[in-house]
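I have placed the structure first, in the form of structure tokens, so that the comments after it can refer back to it.
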Amino acid sequence: MGCHSVCIKDMSGLLAPYAADDLVKKLKAALDIPIELHTHCTSGFGHATYLKAIEAGVDIVDCALSPFSCDTSQPCTETIVAMLKGTERDTGLDRQAMTPIAKHFLAVKAELIKEFGLKGYFDVNVNVLDFQIPGGMLSNLANQLKEAGMEDRYQDLLDEMPKVRADAGYPPLVTPSSQIVGTMATFNVMTGQRYKMVPNEFKDLVRGKFGRTPVPVDRDFIINTLGIPAEQIIEDCSVEDAKAETFAQFKDELIGKGFLNPTDEDVLSYALFPQVAEEFFKKHYTQISAYRRQ
């Protein structure tokens, strides 16, 4: 179909080692292009999953330098390099040459922890196998609650996420659906009442504007709980249904609001998350081109 490579993205760290072994072997047998694997260490699987995938023939694995590795991040680069040294899959990378770089970023990490009041580490959370929240999203959700002075509700949020995801038809928790589901769960926890405040993006997700969800969303939930008229439910989403407006129309609309010379990324952000994007643009710059020249 024209793909140059295939990447298995395991953003929540859910891929178990032997499942990775099986998946990579099947992909390598069926495809003659590079296979890449991206995982996080949230569940504790990370390094073991990479080792089994490497033994199965995976071509690329995504790692992070030691100061910013493990926990909700990727497995450690230096560890993987050392793990494979002297084997047929030896990376050829000089682990010791990474030490001064790691020391530099260890100091950067310490400054970030101090500046933002972050914890210096995260414990392995095997419960991610149940709530299935991506690593980067975990820290974002924790920060949202902290800013609202509701840090003590973090576990409530972790419990709410799978419930919202089930209501929404089990969409994969990757951008943009992860942010949509996460925001909805956060509103439910912060207001203390489920679906009292419902963002338009969540309504669009459940009514089918982003495409068909893996499990059909309950019509009673869409109509009676969320208050979406039956005629707005998209039964069989086509490309035309999903985009509604063209890229050019979104760009013109954004320019009409005073944000001049938007990039494609700005327009896409506005098309997917109009309220959030516009608020961001207003807060950070009066016009996009002027901001970028600065």
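Residues satisfying the side chain to side chain donor-acceptor pair (under 3.5 Å) test with Lys251, not counting sequence neighbours, are none. Taking Glu160 as the reference, Asn188, Arg194 meet the side chain to side chain donor-acceptor pair (under 3.5 Å) condition, with sequence neighbours excluded. Partners of Phe221 by ring-ring contact (aromatic ring centres under 6.0 Å, His included), not counting sequence neighbours, listed by chain and number: Tyr195.
Between His4 and Ile33, every side-chain heavy-atom pair lies at or beyond the 4.5 Å cut-off.
Ion pairing between a basic and an acidic side chain is recognised when a charged N comes within 4.0 Å of a carboxylate O; Lys25 and Asp21 show such pairing. A salt bridge between Glu279 and Lys283 is absent, with no side-chain N of the basic residue lying under 4.0 Å from a carboxylate O of the acidic one. Ion pairing between a basic and an acidic side chain is recognised when a charged N comes within 4.0 Å of a carboxylate O; Lys114 and Glu111 show no such pairing. Using a 4.0 Å cut-off between charged side-chain N and carboxylate O, Asp22 and Lys26 make a salt bridge.
No more than 12 heavy atoms of other residues, nucleotides or ligands shown are found within 6.0 angstrom of NZ on Lys9. No more than 12 heavy atoms of other residues, nucleotides or ligands shown are found within 6.0 angstrom of CD on Glu88.
Here Val174 is tied into one hydrophobic group with Met11, each link being a pair of ILVMFWY side chains closer than 4.5 Å.
A distance of 8.5 Å separates CG in Asp156 from CE in Met150, rounded to the nearest 0.5 Å. We find the OG1-CG distance between Thr39 and Leu14 to be 7.5 Å, quoted to the nearest 0.5 Å.
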| message | Set out, in order, the CA-CA distance, both residues' side-chain angles and the distance that settles side-chain contact (heavy atoms from CB on, under 4.5 Å) for Glu36 and Ile8, then state yes or no. | response | CA-CA 6 Å; Glu36 179 175 358; Ile8 306 161; over 6 Å; no
Throw together a table of side-chain donor-acceptor distances under 3.5 angstrom for residues 60-69, partners on residues two or more places apart or in other chains.
from, atom 1, to, atom 2, distance (Å)
Asp62, OD2, His38, ND1, 2.8
Ser66, OG, Glu78, OE2, 2.7
Ser69, OG, Ser66, O, 3.0

For residues 94-101, which side-chain N or O atoms pair as donor and acceptor with protein atoms under 3.5 Å away, sequence neighbours left out?
from, atom 1, to, atom 2, distance (Å)
Asp94, OD1, Gln96, N, 3.1
Asp94, OD1, Ala97, N, 3.3
Thr99, OG1, Gln96, O, 3.2

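A donor-acceptor contact under 3.5 angstrom links the side chains of Asp266 and Thr263, judged on distance only.
Tested against Lys209, the residues Ile233, Asp204, Asn200 include a single side chain to side chain contact (heavy atoms under 4.5 Å, CB included) partner, Asp204.
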